[in-house]
Amino acid sequence: MPELPEVFTISQDLKKNIVGFEIRSIQFSSYYRVPDDIKKSLNKLIGKKILDVDRVAKNIVLKLSKDDYIIFHLAMTGRLLLRNCRDKNDNWVKLVLIICKGDEIKELRFCDMRQFGKVLVVNKENLNKIISKYGLSALEEKTSAEDLLYNLKSRRTNIKNALMDQKIISGLGNIYATEALFLSKINPKLPTRNFTLEMSTKLLNSIRQELKEAIKNRGATLPDKMYVDIFGKPGHQQDYFKIYLKKVCDVCGSKVEFEKINGRGTYFCPICQPLETTTSNRNKKIPDGQKKLL
DNA sequence: ATGTTTGTTCCGAT
DNA sequence: CATCGGAACAAACA
């Protein structure tokens with residue numbers, strides 16, 4: 001599940017709890033198919049100190065001494081759990097960083113049921129290369145509605161699909177893209193080509209509102225309980241979903257539509273988020289006679 | 001049993 | 001050649 005709010009929560013908690021620790025050893029699970037070169041580069045990090053923890057898009061980045069960085073991407077079902085050595089085993093453990101600070105020893109366990117998650121060791125240069133592949137940062141103040149509009153217009157697809165594209169704007173996944181579209185009353189199937197600055201502004205505000213609320217609530221844990229924070233605790237944003245998993249629209253009471261859009265389950269209210277641009281056209285522009293090429 | 005599932009990457013089609 | 005969309009990746013659950 002980890003989308004930006006979940007990754008943010010994990011990264012923030014790690015920063016408070018493991019900065020200053022040193023990597024003492026690393027354990028790999030026998031079934032975890034990690035490439036040998038990554039295993040090797042991880043093993044070279046033994047003895048190094050964790051200087052900082054950061055988030056880049058949906059990646060968690062541990063900054064180590066001497067220009068080394070560990071990047072975790074949790075994909076769909078990845079977890080990072082901070083445990084004491086005596087704590088009972090966790091499910092689906094891929095690898096464990098055993099870290100210490102003085103006499104204090106802790107384990108950072110990277111678990112992943114579906115094994116889509118990734119771990120990578122890079123230097124600053126390669127980290128920057130990875131960072132540069134991502135699009136706008138939703139939470140950064142300097143990201144403007146004009147920037148978003150420009151990126152959206154560069155693609156020929158629907159808005160839902162565009163929001164999921166990390167090269168356009170990074171951090172959103174299926175849940176928060178769905179929620180932000182509902183908040184801004186935009187139909188997920190609306191072509192990005194039809195966007196106006198007014199819509200982009202509204203959308204960016206909704207994205208920020210949604211992400212900030214979810215961060216405050218420490219992310220969302222779905223009924224499958226896959227996402228938990230580093231202490232194994234669920235988030236609470238699922239209690240504040242406005243459309244995701246809903247049957248009835250909170251706002252107007254009509255039946256929520258569920259449809260696969262680009263392969264991803266999407267919830268939307270056909271009344272609050274009409275596809276026809278009849279509502280909210282306060283612009284004086286004449287609605288463009290769109291060619292409906294079939 | 002078949003169809004779902006929070007993400008990303010790759011490949012084929014256009 | 002660039003872009004888009006779907007399949008694949010793997011495992012558990014209903």
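So you know, we letter chains A, B, ... as the sequences are listed, proteins then strands, and number each from 1.
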message: Given B:dG7, B:dT5, B:dT8, identify the nucleotide with an atom nearest to the side chain of A:Y244.
response: B:dT5

statement: note: A:Q166, atom CD; C:dC4, atom C1'; distance rounded to Å ~ 17 Å

statement: Quick note, A:T157 side chain, CB onward, closest among B:dT8, B:dT4, C:dG5 is C:dG5

- request: Take atom CG of A:L163 and atom C1' of B:dG7, then tell me their distance rounded to the nearest Å.
  value: 15 Å

query: Between B:dT9, C:dG5, B:dG7, which nucleotide gets closest to the side-chain atoms of A:K118?
result: B:dT9

task: Decide ring-ring contact (aromatic ring centres under 6.0 Å, His included) for A:F182 and A:F268; before the verdict, give the C-alpha distance in whole Å, the side-chain angles of both, and the deciding distance to 0.1 Å.
output: CA-CA 6 Å; A:F182 177 73; A:F268 63 98; over 10 Å; no

message: What's the closest nucleotide to the side chain of A:M113 if the choices are B:dT5, C:dA12, C:dG5?
response: C:dA12

field: Between B:dG7 (P) and A:N161 (CG): distance, integer Å
entry: 12 Å

message: For a quick check of understanding: with a heavy-atom distance under 4.0 Å over all strands, which category does A:K167 fall into, base, sugar-phosphate or nothing?
response: nothing

message: Is A:F116 stacked against the base of B:dT8, taking the criterion as centroid distance under 5.5 angstrom and interplanar angle under 30°?
response: no

field: Gap between atoms CG and C1', on A:N91 and C:dA12 respectively (whole Å)
entry: 11 Å

query: Across the strands shown, which category fits A:D112 at heavy-atom distances under 4.0 angstrom: base, sugar-phosphate, nothing?
result: nothing

field: A:D54/A:K63 under salt bridge (charged side-chain N to carboxylate O under 4.0 Å, His left out): CA gap, chis, key distance, verdict
entry: CA-CA 8 Å; A:D54 245 316; A:K63 180 181 188 197; over 6 Å; no

task: Determine whether the side chains of A:D229 and A:T9 contain a donor N or O and an acceptor N or O closer than 3.5 Å.
output: no

A:N174 side chain near B:dT5 phosphate (N/O to OP1/OP2, under 4.0 Å): no

message: Below the 4.0 Å mark, does B:dT5 have OP1 or OP2 next to a side-chain nitrogen or oxygen of A:K260?
response: yes

- request: Report yes or no: do A:S65 and A:K48 form a side-chain donor-acceptor pair below 3.5 Å?
  value: no

query: Looking at A:H73, does any N or O in its side chain come under 4.0 Å of the phosphate oxygens OP1/OP2 on B:dT8?
result: yes

task: Starting at atom CZ of A:R193, determine the distance to atom C1' of C:dC4, rounded to an integer number of angstrom.
output: 12 Å

- prompt: Rounded to whole angstroms, how far apart are CG on A:D224 and C1' on C:dA12?
  reply: 9 Å

query: Between A:S154 and A:N151, does any side-chain donor sit less than 3.5 Å from a side-chain acceptor?
result: no

query: When the distance from CG of A:D165 to C1' of B:dC10 is rounded to whole Å, what number comes out?
result: 15 Å

message: Using OP1 and OP2 only, check whether a side-chain N or O of A:R264 sits under 4.0 Å from C:dG5.
response: no

Of the listed nucleotides B:dT5, C:dG5, B:dG7, the one nearest the side chain of A:N262: C:dG5

- request: Rounded to the nearest angstrom, tell me the gap between atom CE in A:M164 and atom C1' in C:dG6.
  value: 13 Å

field: Sugar-phosphate only, base, or nothing, as touched by A:R155 at under 4.0 Å among non-hydrogen atoms
entry: sugar-phosphate

query: If only side-chain N and O atoms of A:T77 are considered, is one of them under 4.0 Å from the OP1 or OP2 phosphate oxygen of B:dG7?
result: no

task: Look at the side-chain N and O atoms of A:Q115 and state whether any lies under 4.0 Å from the OP1 or OP2 oxygen of C:dC9.
output: no

- prompt: Honestly, is A:K39 close enough over A:F28, meaning NZ or CZ under 6.0 Å from the six-membered ring centre and within 45° of the axis?
  reply: yes

